[in-house]
Chemist: 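First, the structure itself, so that you have it in front of you.
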Protein chains: 2
Amino acid sequence: MKAGPKLSLAMAVVLLLFAYGPMLYTSEASSENPAVSMAAQMAVRTFPSGSPDVVLCSGDPKRAGDVAAGQALASYLAAPLLLTQSSSDLGRQTIHALSLLAVPDVNPDNDVQPYQPQPGKPKLYLVGNASAFSPSLLQKIKSMGYPVEKVSAENEVGLLKKVADIVAPSLPSGQDVKGFPASWVTYAGNQEHNPVFPVSDSAPNLEKQGVSWNFAEKAAIPFGLEFPDLNELGMRNAPVKMTQSLGNAVGVTAVNGIIYAESDDAHLYALNAKTGKQLWQAGPAVNCLMGNPIVGNGLVYVTAGDTGFSFSQVMKYLNSQGKTELTRGLLYSAIYAYDQNTGRLVWRQDFQGNAMPSPAIVDNTVYEATGDGHLYAFESRTGKMLWKTDLGGFDSMSSANFWRNPQTGQTEIIVGVSDANNVVAVDASTGKILWKQSTSLDIFNTGMGDNTPAVDQNKGLVFQDSVVDHDPKTNTVDLAVYAMDAQTGTVKWYRKLGRGSTPPAYKAGIVMVHNGVVYVGSPTTSSLYALNEETGQLLWTYHFENTGPAGAGRGSAVYAYDVVWVAAGPTVYALNPATGEKLGSYNPGGRFGIVNPVIVGKTMYLDNSYDWVHAIPLNKIYPGLK
Amino acid sequence: MKAGPKLSLAMAVVLLLFAYGPMLYTSEASSENPAVSMAAQMAVRTFPSGSPDVVLCSGDPKRAGDVAAGQALASYLAAPLLLTQSSSDLGRQTIHALSLLAVPDVNPDNDVQPYQPQPGKPKLYLVGNASAFSPSLLQKIKSMGYPVEKVSAENEVGLLKKVADIVAPSLPSGQDVKGFPASWVTYAGNQEHNPVFPVSDSAPNLEKQGVSWNFAEKAAIPFGLEFPDLNELGMRNAPVKMTQSLGNAVGVTAVNGIIYAESDDAHLYALNAKTGKQLWQAGPAVNCLMGNPIVGNGLVYVTAGDTGFSFSQVMKYLNSQGKTELTRGLLYSAIYAYDQNTGRLVWRQDFQGNAMPSPAIVDNTVYEATGDGHLYAFESRTGKMLWKTDLGGFDSMSSANFWRNPQTGQTEIIVGVSDANNVVAVDASTGKILWKQSTSLDIFNTGMGDNTPAVDQNKGLVFQDSVVDHDPKTNTVDLAVYAMDAQTGTVKWYRKLGRGSTPPAYKAGIVMVHNGVVYVGSPTTSSLYALNEETGQLLWTYHFENTGPAGAGRGSAVYAYDVVWVAAGPTVYALNPATGEKLGSYNPGGRFGIVNPVIVGKTMYLDNSYDWVHAIPLNKIYPGLK
């Protein structure tokens with residue numbers, strides 16, 4: 001930062017030039033185009049700390065029509081727009097402005113600070129027809145070290161079409177929608193948490209090959225750079241803080257050719273699954289978005305919240321020896337319902353406690369459990385509250401799941417809560433509590449309320465795991481998996497998976513059940529386990545690589561094409577479902593939180609704690625895949 | 001929300017029209033200008049949930065130059081830009097787009113949801129020369145119910161000048177700076193917390209009269225509307241949540257004719273003190289900005305943080321019976337240094353714990369105490385860390401103050417910390433702890449760490465107050481004020497001010513000391529007290545009006561023109577300093593958190609929990625003022 005003071009002194013001078021510049025320059029150098037200087041002056045004032053992108057259009061009045069296209073792009077990029085003095089001259093003021101629109105390096109000791117754009121010169125989008133920017137000007141701009149992207153066409157309408165392809169691309173249709181589900185009713189897409197949609201024979205070749213792209217969300221951190229706050233937080237806590245405060249906490253949603261991702265950056269992104277291009281974004285929400293988007297009845301439902309407690313809650317807990325019911329969530333919390341095609345907000349409801357986990361949508365009703373210890377039921381299209389039920393504990397990060405009783409036709413909403421730790425089943429139509437299961441073991445921390453139960457609809461089983469038997473001396477825990485009767489909550493079997501040091505933050509793994517096998521990870525041992533669904537008998541264990549002190553295995557595995565796929569730490573793995581042996585692996589960059597893969601055709605979609613969304617062809621992870 | 005579904009269905013249809021519209025319309029109705037339809041299409045996609053503001057320019061290619069001015073205004077307002085079909089016709093697509101750019105009513109049961117713009121039709125800024133919008137078109141727009149503001153001039157340069165006056169107004173200079181301080185070194189402007197700058201005889205008449213304006217920040221809630229989440233939170237907690245999560249927690253800063261305000265909306269605002277017009281804004285920061293901006297060495301320092309604890313901290317506290325040192329702050333925390341004239345970010349440092357309170361700047365060093373229990377010293381121009389010291393407790397909301405020892409020339413940095421509760425004095429040059437004072441009383445909750453000590457430099461006294469003697473049965477507390485020897489920390493005297501129900505959140509009042517009198521409020525009793533500085537003897541008490549169950553009296557009083565001025569609850573008061581009797585009062589709208597008035601000339605500057613900044617002529621509060 002040595003350069004800092006000089007720099008900002010220079011800035012102050014230049015700004016004064018700007019403030020009084022127009023007359024000054026027009027008198028002193030009448031050849032200068034006042035539109036150029038005023039555009040520069042306004043861009044710098046509106047973007048005082050620079051911008052990674054700048055749109056550049058001709059300042060020649062005869063080409064003024066180009067600005068309509070340029071402004072649409074600038075609005076989309078939330079970037080400033082500057083004008084050239086002529087086709088061969090940027091103009092003095094524009095050169096000044098570009099130097100001030102560079103993103104400053106505000107902390108050379110620390111490569112990454114959260115929500116801080118990378119320092120450096122902005123990328124220039126040159127919007128105009130071929131002759132608007134002369135070869136010599138292009139040369140000069142490149143020699144000044146500015147990356148350039150040309151958006152060029154012969155006339156204004158052509159330019160607008162080019163820009164419209166970026167700003168407002170068409171929604172997926174026809175072949176690009178084939179193979180995708182039409183709705184997404186609960187966390188990870190279905191009751192068993194296996195969001196897999198195999199390719200159909202009629203699918204286009206591209207879908208069989210799989211697509212490949214990376215999409216950077218608003219707070220995206222370049223791969224390879226160290227964690228924000230690493231110096232302060234260390235490798236045990238920095239990844240957790242990123243998962244809870246910066247990037248994507250859990251997996252993406254795939255519906256009708258669109259990938260939906262919720263980010264801690266408080267935005268919902270709708271991306272074209274084939275191209276990775278943004279269709280629209282919604283936000284900012286009132287808090288971090290940590291859920292898996294739920295899609296039904298034409299709307300996409302997302303939830304905003306945080307993991308905090310006030311000091312008054314801390315004191316109440318201490319003074320009651322842990323007997324007080326706590327309210328979780330510090331800042332504002334809400335559930336939002338957006339039009340699934342346009343991103344327009346249709347309804348919103350606010351809560352006293354956090355709304356981090358995902359809702360479930362069953363029979364035109366949306367169910368959301370929150371940090372104020374209630375399960376809420378809302379009319380899915382209007383957001384009208386139908387009822388709320390006290391769950392007897394706060395929901396930390398447990399998304400609602402459901403089971404339909406084939407005998408009675410009754411639907412249960414099933415969710416985990418903390419303090420007291422329980423899995424709770426509620427009647428979907430009345431809100432009446434049907435059963436609670438706390439298990440006989442000593443649940444630790446937010447155990448049951450962190451984790452989202454999996455359901456086997458046909459066998460009538462509910463699966464939940466939790467850290468148990470904490471030893472304060474060694475600060476170690478075990479992880480126990482429970483199989484419960486969906487109708488009564490009775491524990492059919494449970495199995496402990498092994499002790500290890502207590503993981504930071506989210507301490508369990510999301511269960512996936514498929515074809516008689518329960519798959520569950522444990523950040524305590526950084527391993528994936530396969531268990532017999534009926535007995536809990538251990539079939540195999542796979543220990544993840546390079547997981548670090550934060551541990552890994554929080555996100556659920558998925559089963560597709562006779563392969564088990566799972567994301568843990570920095571890596572995506574393909575495992576042999578019979579033996580657990582590794583068939584292949586791939587590091588797409590960044591690091592995964594509680595993320596499960598989503599597989600459509602031969603493509604895996606996931607998002608990460610670095611605030612990126614990935615599309616990865618399965619054969620890139622497992623080249624041997626048939 | 002009955003209209004919701006139909007509306008969003010209509011939207012989907014229109015969007016599809018947009019997606020394929022251009023060719024369609026140009027074939028079907030060749031008279032339509034494709035630039036108009038594409039601008040509309042892109043505006044709707046970029047602002048899917050509408051916008052309170054829309055910029056409208058002529059789509060006539062001959063007037064295309066106007067768009068340069070229009071886009072600068074749109075960029076400044078973060079608003080979409082639409083084009084007219086002709087000077088007498090909006091065009092079908094623009095009319096469509098305007099209907100979709102209305103802000104939807106997403107929750108008719110609740111007037112206010114935090115960070116949700118008020119529903120309704122956008123305000124249209126008509127940017128172009130007089131003939132760009134025909135009288136008949138103007139008439140039509142108004143008949144459609146759109147509020148209109150014309151930004152008109154005879155030519156493009158004239159338009160740009162008009163827009164530049166809005167987007168990039170000149171910085172205050174000459175007379176408009178007179179009477180303002182040139183720096184702001186500690187919370188509330190000086191050691192004694194009396195930010196009062198009386199009018200000079202040479203001051204312009206306007207300054208003697210006082211100025212009057214209201215500025216709406218990003219999350220501003222219209223006066224008269226109920227609190228966000230009131231139904232969920234109630235009148236005791238809703239105002240607190242607004243103060244901590246939506247509006248301005250503490251008072252503003254006045255330097256060189258500029259008013260600086262930090263908001264929970266994560267932005268720093270720089271306003272022209274005379275006009276209330278925004279000069280620039282900086283942000284969003286990584287968390288809520290809850291401090292009083294500190295200005296020195298050409299930079300303005302602000303701090304981002306929150307009040308939260310993770311559940312792991314809660315458990316550690318319980319298991320240690322409250323003996324663990326806690327780390328406060330859930331999301332990311334940082335201190336930012338911006339150029340005081342341009343708003344350009346110069347440096348930033350991140351912390352593990354929260355950085356809510358304000359730093360102090362002494363002799364080219366910036367001192368910040370944080371939720372991770374440390375006092376940090378940074379080189380003021382570069383942000384280079386000089387040292388950090390463990391304070392033995394976390395800083396909740398206590399800003400750093402200082403005292404210069406006239407004998408030794410040594411400077412002490414003085415701050416309060418919680419758990420353990422202490423006032424701590426640290427050597428400014430070495431970071432060595434000089435003394436700690438916990439007092440003999442039973443401090444409750446975050447007591448000492450919430451509050452910012454006041455210092456009488458000449459008498460060598462430090463003043464701090466805290467809630468004490470909590471009674472769990474009645475949930476009542478007392479508030480005690482301490483006078484400590486600045487050199488040793490020895491308590492010279494203390495006085496209890498009276499019991500009352502425990503206030504939510506911030507539980508104390510900021511002390512102001514002036515001319516031998518200590519002024520301190522108590523949200524426990526919702527009263528202001530005047531005490532003899534030497535003895536603590538009670539001189540008078542004033543009980544605030546309409547304070548509600550949250551209590552009031554958190555912000556400090558100020559002394560100007562032989563009147564005591566204080567903001568509490570919804571009201572600003574003028575009191576007789578000899579007797580405490582009320583001389584006048586005024587409700588500017590909204591509600592005040594821990595806000596102290598700032599007085600320059602005959603104007604009072606303050607900000608509120610509704611996310612507004614006010615300038616109020618003193619005679620509006622006390623018409624009898626000489």
Side-chain angles (χ1 to χ4, degrees), chain A residues 1 4-5 8 11-12 15 19 34-35 38 41-42 45-46 48-49 61 64-65 67-68 71-72 75-76 81 104 106-107 113-115 157 160 164 167-168 170 229 232-233 245 280 286 308-309 311 314 317-318 322 330-332 339 341-348 350 352 381-383 446, chain B residues 1 4-5 8 11-12 15 19 34-35 38 41-42 45-46 48-49 61 64-65 67-68 71-72 75-76 81 104 106-107 113-115 157 160 164 167-168 170 229 232-233 245 280 286 308-309 311 314 317-318 322 330-332 339 341-348 350 352 381-383 446:
Chain A
M1 263 334 292
S8 65
M11 270 186 289
L15 194 83
M38 278 185 278
Q41 166 190 351
M42 291 189 280
R45 193 73 75 89
T46 307
S49 293
V67 176
Q71 93 78 26
S75 177
Y76 170 79
L81 183 144
V106 297
N107 193 329
Q113 293 177 296
Y115 295 90
V157 174
L160 281 160
V167 173
S170 309
D229 281 347
E232 283 291 334
L233 293 171
S245 314
W280 49 262
V286 79
F309 296 87
F311 193 72
V314 176
Y317 207 59
L318 175 63
L330 190 69
L331 306 176
Y332 291 107
D339 181 287
N341 291 317
T342 66
R344 183 174 180 85
L345 183 58
V346 174
W347 61 264
R348 164 184 165 175
D350 291 34
Q352 184 173 357
R381 291 296 322 215
T382 65
T446 43
Chain B
M1 264 333 291
S8 63
M11 270 186 287
L15 196 83
M38 277 185 279
Q41 167 190 351
M42 292 189 280
R45 195 72 77 88
T46 306
S49 293
V67 175
Q71 94 79 27
S75 176
Y76 170 80
L81 183 144
V106 297
N107 193 327
Q113 293 177 295
Y115 295 93
V157 174
L160 281 160
V167 174
S170 310
D229 282 347
E232 283 290 336
L233 294 172
S245 314
W280 49 263
V286 78
F309 297 87
F311 193 72
V314 176
Y317 206 59
L318 175 63
L330 191 68
L331 306 175
Y332 292 107
D339 182 285
N341 291 318
T342 68
R344 184 174 179 86
L345 182 59
V346 174
W347 63 263
R348 161 182 167 177
D350 290 34
Q352 184 173 355
R381 289 300 318 218
T382 65
T446 43

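The sequence lines fix the lettering, A, B, ..., with proteins before strands; numbering per chain opens at 1.
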Chemist: For residues L345(A) and S49(B), report the shortest heavy-atom separation together with the two atoms involved.
Modeler: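 Heavy atoms of L345(A) and S49(B) come nearest at N-OG, 2.8 Å.
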Chemist: Among residues at least two apart in sequence or on other chains, which ones pass side chain to side chain contact (heavy atoms under 4.5 Å, CB included) with A35(A)?
Modeler: N33(A), L83(A), E156(B), L160(B)
Chemist: Mind listing the closest non-hydrogen atom pair of L330(B) and S245(A) along with its distance?
Modeler: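 Between these two residues, the closest heavy atoms are O-OG, 4.5 Å.
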Chemist: State, to 0.1 Å, how close A164(A) and Q41(B) come at their nearest heavy-atom pair, and which atoms those are.
Modeler: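 Taking every non-hydrogen atom into account, CB-NE2, 4.3 Å.
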Chemist: Heavy atoms only: give me the nearest Y76(A)-T46(B) pair and the separation to one decimal.
Modeler: CA-CG2, 4.0 Å
Chemist: Please report the shortest heavy-atom distance between N107(B) and R348(A), naming the atom on each side.
Modeler: ND2-O, 2.9 Å
Chemist: Considering residues at least two apart in sequence or located in another chain, which fulfil the side chain to side chain donor-acceptor pair (under 3.5 Å) criterion with Y317(B)?
Modeler: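 Side chain to side chain donor-acceptor pair (under 3.5 Å) list for Y317(B), sorted by chain: D419(B).
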Chemist: If the plane angle is over 60° it's perpendicular, under 30° parallel, otherwise tilted; pick one for Y332(B) and Y115(A).
Modeler: perpendicular
Chemist: Among the options A68(A), P61(A), G308(A), pick out the one with the most heavy-atom pairs lying under 4.5 Å from chain B.
Modeler: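 Looking at each option in turn, the highest pair count goes to G308(A).
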Chemist: Which heavy-atom pair separates A72(A) from M42(B) by the least distance, and what is that distance?
Modeler: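 Nearest pair, atom of A72(A) first, then M42(B): CB-CE, 3.5 Å.
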